[in-house]
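Chain A is the first sequence line, chain B the second, and so forth, proteins listed ahead of strands; every chain is numbered from 1.
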Amino acid sequence: MAREEYEMKVGFAADQKTVKIKIPDGDLKPWDLDTKFETVGTDVDRIDGIAKATGTAKYTFDVNLPGMLQGVMLRSNIPSGRVKKIDFEAASKMPGVRAIVPLKDPAEGRRNRVRWVGDPIAAVAADRREQALDAIEKIVVEYETSQAVIDMQDGEDAPKLEGGEITSPWPDKGNERMEEALGECKHTRSGTWFAEVQTHSALESHGHVCSWDDDKGTLEVWASTQATFGARFGLARALNIGGDKVTIHAEYVGGGFGAKFSPGTEGVACALLTREAKAPVKLMLDRFEEHTCAGNRPSALMQIRAGIDADNTITAWDYRCYGGPGYRGRGGRTTFPRSYLEDAHVRATQKDIATNTDAGRAMRAPGWPQGYFAGEGMIDALAEAAGIDPLEFRLHNESEKLREAEWRMGAEKFDWAKRWQPYGERDYGKRYLKGAGMASAMWGQMGHRGRGSPNAVKVRIHADGTVESRNGAQDIGTGMKTVLAMLTAEELQIPVGTIKVTMGDTNDPAGPASGGSTTTPSLAPAARLAAGMAKNELRTLVAEHLRVEEDKVTVENGRWGVPGGKTLLFEEACKLIGPQPIEKVGERTSNYKGYKNNVCGCQFAEVEVDTRTGFVRVTEMLGIQDCGTVIAKKLAESQVLGAMIGALSYTLHEQRIMDPKSGRMLNGDLMMYKIAGAADMPKLTAHMFPVANGKNSVGAAGLGEPPSVAGPAAIANAVANAIGAPVRNIPITPDQVLAAIDSKKGGK
Amino acid sequence: MRPFQLVRPDNLAEASRRAKGDKSLIKAGGIDVLDRLKERLENPEKLVNILDLKTDLSDIARDGATLRIGALSTLAQLANAGELEKSEWHAIRDAAGKTATPQVRNRATAGGNLLQLTRCWYRRSSSLGCAHGGDGPDCLAQTGENRYHAVMGGIDCFRVHPSNLAPALIALDASVRVRNDKDERTLTMLELYPEEPYADEAEHTLVSGEILTEILVPAQPAGSRSAYRDSREKESFDWPTTSAAVRMSIDSGKITDARICLGAVAPNPVFVPDAAALLIGKAPSDELFAKVAAKAYEGAEPLEKNQYKVRLGQATLIDTLEAAAAR
């Protein structure tokens with residue numbers, strides 16, 4: 001492929017570089033530090049905000065088709081064992097029942113295992129939901145039960161814990177060298193941290209509306225999904241039909257947070273039911289199922305021992321983590337901050353402990369908030385050992401230039417010097433103690449071309465001046481549609497409001513699963529390219545119309561034509577288009593070399609602790625976040641604000657509470673599963689830190705995950721700063737705060 | 001929920017008649033009852049919707065020295081009632097205003113708040129049979145996950161009474177009017193709750209067909225002021241981990257009279273006259289309040305995971321005493 005070479009200015013104000021990049025033929029000249037934008041980087045309201053706020057946006061839950069049946073699943077009530085027999089006789093005779101599909105096979109070893117309370121046994125479709133619920137009560141299941149492990153501490157591979165500290169020996173591998181590095185330190189610290197299981201709790205539960213056309217042999221699906229193309233693939237395979245026979249719609253998705261990548265057993269069940277009943281079926285999980293059968297952020301038991309040299313540089317770091325990812329026994333890996341550890345001897349050990357509980361799934365920065373909670377907690381402990389301010393300690397050990405700039409910006413905006421309480425004893429006679437904490441973030445997602453058919457965006461310009469931007473992937477609520485609209489507007493120099501964006505239909509060009517913060521960086525360059533190609537096409541029409549050479553036609557101040565000569569407004573130019581609109585598909589190219597491959601970020605928190613009740617109130621949070629080119633500033637800030645709210649909820653409230661005997665989740669609702677609400681909100685501020693990363697024609701980087709990494713650690717560090725003692729269990733509940741204060745008092 | 005017949009009575013007598021028998025359930029605001037129906041915890045044949053009688057039962061008005069609160073008054077009404085701004089009754093405002101969310105407060109009724117089912121997660125699970133629901137032999141919380149359960153007063157069931165209003169009304173020495181299709185009777189707030197809250201006792205002492213119609217709050221002794229406070233894990237929509245209501249009279253700097261009731265720590269609201277007695281004749285002070293709090297929780301027997309509630313309950317009571325004294 002022919003490649004054009006450009007010189008680009010990348011980086012940010014304090015760290016500028018000029019790089020030469022070669023781009024594929026036909027791709028647009030990349031935006032860089034010198035680019036002046038019209039629309040990109042401004043505050044534009046979410047284009048579907050009104051539709052969402054007024055209820056005209058239709059989610060999967062809102063889809064109702066003529067003759068539609070209601071699907072319900074029967075789930076295991078035991079945590080461990082086998083299904084010996086299932087009898088559907090009585091259930092099949094219940095009023096309104098139209099189809100039953102078994103989801104376990106007693107005769108088959110792999111398909112009769114019961115792994116947690118909630119394991120799917122069968123699904124029923126009936127005319128009404130209550131009839132389906134009545135029917136599943138009549139399904140007779142004979143179980144053979146076996147010993148279950150509910151708490152990961154009861155697992156075979158669980159480490160020994162004494163007084164909250166892991167006391168099992170450190171692994172042999174590399175231990176001698178590790179001990180040596182620790183031995184050379186001037187100060188060492190160690191500690192054990194634990195983070196409880198958090199459930200995704202998306203407002204819209206998992207589920208589908210599936211409609212089988214028996215004549216055509218096709219399946220039409222409305223899905224609450226983070227991966228429309230993955231859903232098509234999964235459901236086609238489940239029904240053993242061609243991918244061309246399945247269409248997925250996901251125009252609006254009520255949140256996913258990482259738990260909605262595959263159609264899941266509930267999606268397969270819904271598809272099987274509609275085919276069997278020959279009628280559309282809606283099957284949405286109820287709230288208890290959503291908590292117990294749709295994934296979670298795994299728990300993590302972490303221990304770190306680390307040390308610094310006489311220069312306060314971290315020189316040794318030994319990390320081990322026991323993950324609690326549920327019945328699959330994998331997926332509990334955690335990640336700790338490494339940007340402070342350039343001069344350290346580092347060892348990391350990971351082990352997962354299986355339990356008879358729902359399996360963990362990806363959740364917004366999977367494994368990062370847990371690992372950073374422990375890691376940044378250790379950074380604060382080392383700073384205290386060094387006797388220097390945590391900010392100064394971080395700046396000293398920081399290896400990321402970009403974050404260094406962000407630390408400085410954040411510390412100034414947050415007024416860190418005033419809010420952080422110096423080391424020393426706390427006055428527990430005071431009712432309220434305030435404290436401040438900080439933590440770093442890291443992520444690396446610059447988007448990708450896609451496998452098979454490349455990620456692509458289709459732009460149409462109609463003769464009436466209507467512009468469409470279309471992609472088949474989903475907007476899970478991040479504001480992807482607005483991003484596509486803004487990029488199209490930028491390229492065509494027209495107002496954002498004139499662009500109609502359609503997403504979430506698998507008949508449109510391919511797009512990624514929304515995971516790993518990929519959607520924006522993968523689709524943004526394609527959106528820009530498609531708009532650019534359409535613009536060129538329109539320019540050709542204008543040139544023909546004005547009888548000038550094509551390369552003489554420019555677009556300036558919304559006017560198309562020859563500067564100083566005859567020009568047309570966009571609407572006038574569009575009139576040159578006939579009945580067939582201009583239609584261009586921009587395909588995502590591979591990434592360029594660019595500035596750097598990761599994003600950074602940092603967050604600050606201030607808390608006020610009631611020393612009498614142990615109640616923690618977060619009074620303020622501030623996030624500094626880069627994500628390459630900031631396309632939709634308002635929505636980017638919203639991502640950061642939302643992540644900080646999520647962090648507050650995770651750090652202080654959320655926890656899956658299991659009954660140790662039955663293996664059933666006890667707070668599987670939104671009453672006792674505690675999620676922070678409006679009255680718990682602190683003052684929240686987000687500052688975007690624009691960076692020209694030069695990784696693609698837009699320079700976009702993923703933003704979904706990075707702002708959710710630092711928050712829990714920042715809040716936990718603030719609590720420790722306030723009361724002069726760390727609470728190393730998430731959620732930090734009032735009883736633990738009181739216990740920490742007591743231990744400190746007792747230690748005097 | 002399973003199908004049921006919705007009864008919309010024209011008057012209380014009819015409501016009471018239709019509500020008799022174990023196949024009927026009375027619904028007021030429906031905050032608690034609809035949850036129970038949807039979770040199939042209860043499957044009545046008849047649901048008697050007394051909310052239809054709201055116009056007759058939702059006044060908050062003075063009748064001489066007494067305050068009469070219609071049982072169908074909403075918590076939002078109570079939280080904003082001008083009549084309750086008077087400091088002696090302020091505990092009612094405090095309690096109603098801190099309950100749940102604005103949406104719930106606009107719907108939930110005073111009567112429903114007093115008569116609701118415990119929020120114990122074992123009792124409220126349709127598939128875990130416990131002694132309180134009658135589907136099992138044991139209290140599952142006693143040896144299970146009991147961080148929010150009773151630290152006192154448990155016999156064979158360690159549920160906690162969830163009402164915010166009840167401790168406030170007990171501290172104010174209130175009573176309730178109750179009627180069936182023929183008769184009417186008055187119960188003190190303490191009589192509304194079982195003397196010995198065994199697992200097989202309901203949360204309240206009303207018998208089938210009886211409807212709570214009115215709450216009567218008497219005039220308080222001269223110089224009275226009252227307050228309600230609770231501890232919780234978050235500010236928005238949470239259940240108290242402990243709560244307390246206090247009424248005290250202060251004359252020339254000395255406490256002359258006091259009533260204290262604890263909430264969320266036992267199967268019933270806990271009236272603690274012995275602790276209140278320590279206040280009499282003394283001037284409010286930190287030491288005094290700490291002593292009273294210790295007395296109120298004397299003999300508490302926490303379970304494995306709720307020891308913290310004893311300390312927290314004392315802190316909450318001290319908070320409440322301070323708030324009342326400061327009014």
Is there any residue in residues 657-667 of chain A with a non-hydrogen atom under 4.5 Å from a non-hydrogen atom of chain B, and which ones are they?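 Within residues 657-667 of chain A, the residues under 4.5 Å from chain B are A:Ile657, A:Met658, A:Asp659, A:Pro660, A:Lys661, A:Ser662, A:Arg664, A:Leu666, A:Asn667.
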Need one label for [X]: side chain, backbone, both or neither, based on atoms under 4.5 Å from any heavy atom in chain B.
X: A:Asp286; value: neither
X: A:Thr611; value: backbone
X: A:Arg617; value: side chain
X: A:Ile675; value: backbone
X: A:Asp680; value: both

Check [Y] with [X], please: is the shortest side-chain N to carboxylate O separation under 4.0 Å?
X: B:Glu322; Y: B:Arg229; result: no
X: B:Arg2; Y: A:Glu130; result: no
X: B:Arg40; Y: A:Glu137; result: yes
X: B:Asp32; Y: B:Arg124; result: yes
X: A:Asp358; Y: A:Arg115; result: no

Would a distance-only check, ignoring hydrogens and angles, find a side-chain to backbone donor-acceptor pair under 3.5 Å from A:Glu654 to A:Gly646?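 No; zero donor-acceptor contacts below 3.5 Å.
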Do the side chain of B:Glu233 and the main chain of A:Thr733 share a donor and acceptor less than 3.5 angstrom apart?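 Side chain of B:Glu233 to backbone of A:Thr733: no pair is present.
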Restricting to pairs with a member in residues 285-305 of chain B, which pass salt bridge (Lys or Arg N to Asp or Glu O under 4.0 Å), not counting sequence neighbours?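 Passing the test, one end in residues 285-305 of chain B: B:Glu145-B:Lys305, B:Lys295-B:Glu298.
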Please rank B:Ile318, B:Asp319, B:Leu312, B:Thr242 by heavy-atom pairs under 4.5 Å with chain A and give me the top one.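 The candidate making the most pairs under 4.5 Å is B:Asp319.
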Among B:Thr143, B:Thr316, B:Leu140, residue most engaged with chain A (heavy-atom pairs, under 4.5 Å):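 Winner by heavy-atom pair count: B:Thr143.
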Let me know if [X] has heavy atoms under 4.5 Å from chain A in its side chain, its backbone, both or neither.
X: B:Arg147; value: side chain
X: B:Asn306; value: neither
X: B:Thr101; value: neither

Positive for side-chain hydrogen bond (donor to acceptor under 3.5 Å, both in side chains) with A:Thr619, one of A:Lys683, A:Glu606, A:Glu608: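 It is A:Glu606, the one option of A:Lys683, A:Glu606, A:Glu608 that forms the side-chain hydrogen bond (donor to acceptor under 3.5 Å, both in side chains) with A:Thr619.
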Regarding B:Asn106 and B:Thr74, do their side chains bring together a donor and an acceptor under 3.5 Å, going by distance alone?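 On atom types as modelled, these side chains do not qualify, holding no pair under 3.5 Å.
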Hey, does A:Ile78 have a side-chain heavy atom less than 4.5 Å from the side chain of A:Val117?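 Heavy-atom side-chain distance check fails, nothing below 4.5 Å.
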